[in-house]
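What's counted below: heavy atoms across the whole structure, side chains too, no hydrogens, waters or symmetry copies. Here is how names work: the chains are called A, B, and so on, in the same order as the sequence lines, proteins then strands, and each is numbered from 1.
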Amino acid sequence: MADDRLIIAGREFKSRLWVGTGKYKDFAETKKAIEVSGADVVTVAVRRVNITDRSKENLLDYIDPKKYTILPNTAGCYTVEDAVRYSRLARAAGVSDLVKLEVLGDERTLFPDTAGLIEAAKILIKEGFIVLPYTNDDPIVAQKLVDVGCPAVMPLAAPIGSGLGIRNPYNLKIIMEMIKVPIIVDAGVGTASDAAFAMELGADAVLMNTAIAGAKDPISMAQAMKYAVHAGRLAYKAGRIPRKLYATASSPIEGML
Amino acid sequence: MENAIKIQVNGDVRTWRSGATVADLLKELDIKTERVAVELNLEILDRAMFDQRSLKDGDRVEIMSFIGGGSF
């Protein structure tokens, strides 16, 4: 697996597990969980600086942007205008041209507004952004996102934070077969087997936050996810045996009494 | 305060002195200029402009930074 590299828009990523930085107890726990997970891409949100309480620490004092690829998201944006605005602010805050683009369609499901997503992606790509879109498990939408210039596509496994795991493996598999850019399964993973399953289907990477941060022991779960993603990738590359209804003996008949 | 103006910073109304720049505001608020983005009346400012753009009455300033987050 030495040459099993993940390359998106000319950037090489060492880890196929990407993690979010929300919902942790404190920054120390965030930092530790990320270290243990082995992830080299971490997502962050863009929000107002707390100007009344300046004693609050900065996340980037804990997560070194020289060590990790910081992937700002447009979490919480329900319109094209907001998503574009937040993306521009993220770039101005000075990390890179990368953005994880979210345009949400509904507060209860947090499912993406895919029409808005494609429109926002077009605008941002024209402005030089590297847009990684959080999308539905819809192969046609995924292809449209590639057509407008997204160098990777991030379909959901299940609703954000739901922990339901891979709800539609067949759609994800079709996306992985049809779409010729890296596919990062984003959102919905609940436990290690979900992450391994996504990788076994052929995902290029898995992005998660709640599954680790919300676990009883986030640090152990971060480690479990690291192994799961690695195991799933190895199994995918190794090629699983076909499913058969009946048994095939694995010991020879020859030499029996 | 002489030549006092009212500006909105991250949604809060503040009394400020006329002629002060965005850089002055950040300094006063004890905010490091690296890792923040500043939007002045919906226009995102280049960091190099912070000490050139002075604030006037009614200006709306948004100072944004990165916080922990996965998806929303």
Let me confirm one number: the [atom1]-[atom2] distance from [X] to [Y], rounded to the nearest 0.5 Å.
X       : Y       : atom1 : atom2 : result
B/Phe66 : A/Thr43 : CZ    : OG1   : 11.5 Å
A/Leu59 : B/Ser65 : CG    : OG    : 8.5 Å
B/Leu25 : A/Ile51 : CG    : CD1   : 7.5 Å

A side-chain contact here means heavy atoms from C-beta on lying under 4.5 Å apart; do A/Asn58 and B/Lys32 qualify?
no
So B/Asp12 and A/Thr52, do their side chains get closer than 4.5 Å, heavy atoms only?
yes
Are more than 12 heavy atoms, taken from residues, nucleotides or ligands other than A/Glu107, located less than 6.0 Å from that residue's CD atom?
no
Do B/Arg35 and A/Asp61 sit within salt-bridge range, that is, some charged N less than 4.0 Å from a carboxylate O?
yes
Do any side-chain atoms of residues 83-95 of chain A form donor-acceptor pairs under 3.5 angstrom with protein atoms, and if so which ones, sequence neighbours left out?
unit_1  : atom_1 : unit_2   : atom_2 : d
A/Arg85 : NE     : B/Glu39  : OE1    : 3.3
A/Arg85 : NE     : B/Glu39  : OE2    : 2.8
A/Arg85 : NH2    : B/Glu39  : OE1    : 2.5
A/Ser87 : OG     : A/Ala83  : O      : 2.7
A/Arg88 : NE     : A/Glu127 : OE1    : 3.1
A/Arg88 : NE     : A/Glu127 : OE2    : 3.4
A/Arg88 : NH2    : A/Glu127 : OE2    : 2.5
A/Arg91 : NH1    : A/Asp97  : OD1    : 3.4
A/Arg91 : NH1    : A/Glu127 : O      : 3.0
A/Arg91 : NH2    : A/Glu127 : O      : 3.1

Which portion of B/Ile44 sits near chain A, non-hydrogen atoms under 4.5 angstrom
side chain
Do you know which of B/Thr33, B/Val38, B/Leu45, B/Val36 has the most heavy-atom pairs under 4.5 Å to chain A?
B/Val36
Specify the closest pair of heavy atoms between A/Val49 and B/Met64, including all atoms of both residues, with the distance to one decimal.
CG2-C, 3.8 Å
